[in-house]
There are 2 protein chains.
Amino acid sequence: MATRTDAPTRREQILKEAARLFAERGFHGVGVDEIGAAVGISGPGLYRHFAGKDAMLAELLVGISGQLLTGAKRRLQEADGVASEAVLDSLIEGHIDFALDDRPLITLHDRELDRLRDSDRKLVRQLQRQYVELWVEVLREVYPGLAEPAARSAVHSVFGLLNSTPHLGRPGSLPGRGATARLLHRMARGAFAAAGTQ
Amino acid sequence: MATRTDAPTRREQILKEAARLFAERGFHGVGVDEIGAAVGISGPGLYRHFAGKDAMLAELLVGISGQLLTGAKRRLQEADGVASEAVLDSLIEGHIDFALDDRPLITLHDRELDRLRDSDRKLVRQLQRQYVELWVEVLREVYPGLAEPAARSAVHSVFGLLNSTPHLGRPGSLPGRGATARLLHRMARGAFAAAGTQ
DNA sequence: CAGGGAAGTTAGCGGTCGTTAACCTGGAGG
DNA sequence: CCTCCAGGTTAACGACCGCTAACTTCCCTG
């Protein structure tokens, strides 16, 4: 897995701008002409790179879910034999990085899922479920008393907490990326601790 | 403020169904014919009750924000002289009740704000800001060491946590309303505690 | 230098959607 | 019994939008 240093391709430009626009105004609220204009070409020009507007959304959502899951799996492997608490911290850290660095994607991720074709939606749902189950397992190692349904609810709720970054005002108004990340991390741990110790 | 026992008016029926549909498929994803069909009349018939599709969304969003703010103010007044911790608990409880009982509205509340006319959006934003500031004040009474920007971030994050209920699977899969409410409440307090004690 | 494909362009088609217009109907009030 | 209006109906218009067709441009390659 080479770290990419080369310039972004046109496809990647388009995906990035489409993500931003979809997050701002919703999938149906954005026209192909707007997406094209955002990368300096006109609407129909997009069809040289994507089969259609739906295909852009699908690629974005599948990409997001896959990226989250892949990252989490990697963190689990790297932390083999490490204390469960540290693994949980690593998962939280990874999710926060994603939420802070790719706000538009995080917004899309739980907002436009229903606009997908059935097959794509099933795929995304499956990736999301795997990601959740991975968190649930780690969480229950840290808090063995926590029942599985409660653990799942707790994980979803903490995702809600971590994904709240788009509501935190534009970057600059908040106390800086590092401080925000640390605050979110502490709060997530606090919420889990409260869930795990009744 | 009389407790309503009479049958819902047609307007209220329409608003309720519109909220559900908007939450499910997004504002632009729902047609007026669909909204009409949901209450047993046809599309243009809606225009006897509302000036347009935009007006429905505006009334929904202003109503939600106003209801949240009014409820919170009432709870603050009722709890005059009570310990700050108890006031915070009361705020959390009120928000959870709303999130659990009116899921579609909670979904709309932070998803379709940008589809409003400028004046309506400003009004909603103002109501939301008042609601947040009210929480921030109470939170800083409970945790005096918490700086204001951090407190605001913490409040937004806990809103994200509490508003995660739509992702918790359809009612019936989770451990019952009471248990879910208690879990969310504990987690919110845990998150705040972690934010307030660095 | 010729050829060809990748990546644009503009024009336009077909469908959808919000909204208006014109008409209908049943029940309440004088 | 006549009137009127609240609350519907269907038809249709105009705008918008996703997508295709047809054409252009430019660079790369043999």
Side-chain angles (χ1 to χ4, degrees), chain A residues 6-62 104 108 111-121, chain B residues 6-62 104 108 111-121:
Chain A
D6 40 337
T9 71
R10 190 35 48 108
R11 270 183 72 89
E12 289 167 334
Q13 279 184 49
I14 295 172
L15 283 176
K16 186 182 167 190
E17 294 302 311
R20 184 179 56 81
L21 289 168
F22 290 160
E24 280 173 11
R25 295 206 284 286
F27 180 67
H28 292 292
V30 181
V32 289
D33 288 353
E34 272 177 290
I35 303 174
V39 295
I41 68 179
S42 233
L46 297 171
Y47 287 74
R48 297 284 165 199
H49 305 276
F50 294 93
K53 197 183 161 193
D54 296 345
M56 299 180 209
L57 183 64
E59 189 157 329
L60 281 171
L61 291 185
V62 173
L108 284 188
R111 190 167 295 196
E112 306 286 357
L113 183 58
D114 300 325
R115 262 55 102 199
L116 252 50
R117 282 172 34 225
D118 268 25
S119 61
D120 290 322
R121 187 169 56 246
Chain B
D6 40 337
T9 71
R10 185 50 28 124
R11 269 183 73 89
E12 290 168 333
Q13 279 184 51
I14 294 172
L15 282 177
K16 186 182 167 190
E17 294 303 312
R20 185 179 55 81
L21 289 168
F22 288 160
E24 281 174 9
R25 295 206 283 286
F27 180 66
H28 291 292
V30 181
V32 290
D33 288 353
E34 272 177 289
I35 304 175
V39 296
I41 69 180
S42 234
L46 296 172
Y47 286 73
R48 297 285 166 197
H49 304 274
F50 294 92
K53 198 183 161 194
D54 296 345
M56 299 181 209
L57 183 64
E59 189 158 329
L60 281 172
L61 290 185
V62 173
L108 284 188
R111 191 167 295 197
E112 306 286 356
L113 181 59
D114 300 324
R115 262 56 103 197
L116 253 50
R117 283 173 34 224
D118 268 25
S119 62
D120 290 322
R121 187 169 57 245

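Order of the sequence lines sets the chain letters (A, B, ...), proteins ahead of strands, with each chain counted from 1.
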N/O donor-acceptor pairs under 3.5 Å from side chains in residues 54-62 of chain B, not counting sequence neighbours:
unit_1, atom_1, unit_2, atom_2, d
E59(B), OE1, R11(B), NH2, 2.5
E59(B), OE2, R11(B), NH2, 2.6

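Rounded to an integer number of Å, the gap from CD1 of I41(B) to C1' of dT10(D) is 14 Å. Between the NE2 atom of H28(A) and the P atom of dC16(D) there is a distance of 18 Å, rounded to whole Å. When the P atom of dC17(D) is taken as reference, atom CG of L21(A) falls 13 Å away, rounded to whole Å. A straight line from CG of L46(B) to C1' of dA6(D) spans 15 Å, rounded to a whole angstrom. What separates NZ of K53(A) from P of dC16(D) is a distance of 15 Å, to the nearest Å. Distance L57(B) CG to dG18(C) C1': 15 Å, rounded to the nearest Å. Taking atom CZ on F50(A) and atom P on dC19(D), their separation rounds to 13 Å, with Å as the unit. Between the P atom of dG18(D) and the CG atom of D54(A) lies a distance of 10 Å, rounded to the nearest Å.
K53(A) approaches F27(A) most closely through the heavy-atom pair NZ-O, 2.9 Å. Looking at every heavy atom in both residues, V32(B) comes nearest to L46(B) through O-CD1, 3.4 Å.
Qualifying side chain to side chain donor-acceptor pair (under 3.5 Å) partners for R117(A), counting only residues two or more places apart in sequence or in other chains: S119(A), D120(A). In this structure R20(A) satisfies the side chain to side chain donor-acceptor pair (under 3.5 Å) test together with E17(A), E24(A), sequence neighbours excluded. Partners of R10(A) according to the side chain to side chain donor-acceptor pair (under 3.5 Å) rule, which considers only residues two or more places apart in sequence or in another chain, do not exist here.
Contact annotation: the side chain of F22(A) never approaches that of R111(A) to less than 4.5 Å [non-hydrogen atoms, C-beta and beyond].
Comparing G29(A) and A51(A) against DNA chain D, the residue whose closest nucleotide sits nearer the 5' end is G29(A).
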**Asked** What string of B, S and - do you get for nucleotides 22-28 of chain D, 5' to 3', when a contact is any protein heavy atom under 4.0 Å?
**Response** BB-----
**Prompt:** Which nucleotides of nucleotides 10-15 of chain C have their base under 4.0 Å from a protein heavy atom (B), which only their sugar-phosphate (S), and which neither (-), written as one string 5' to 3'?
**Reply:** BB----
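R115(B) contributes atom CZ, which lies 10.5 Å from atom CG of L108(B) (distance to the nearest 0.5 angstrom). Distance NE2/H49(A) to CG/L15(A): 11.0 Å, rounded to 0.5 Å.
Contact annotation for V39(A): no contact, since no heavy-atom pair falls under 4.0 Å across all strands.
Contact between the side-chain N/O atoms of H49(B) and the OP1/OP2 oxygens of dG8(D) is found at a separation under 4.0 Å. The side chain of R10(A) places no N or O atom within less than 4.0 Å of a non-bridging phosphate oxygen (OP1 or OP2) of dA6(C).
Between dT9(C), dG18(C), dG18(D), one nucleotide has an atom nearer to the side chain of V32(A) than all others, and that is dG18(D).
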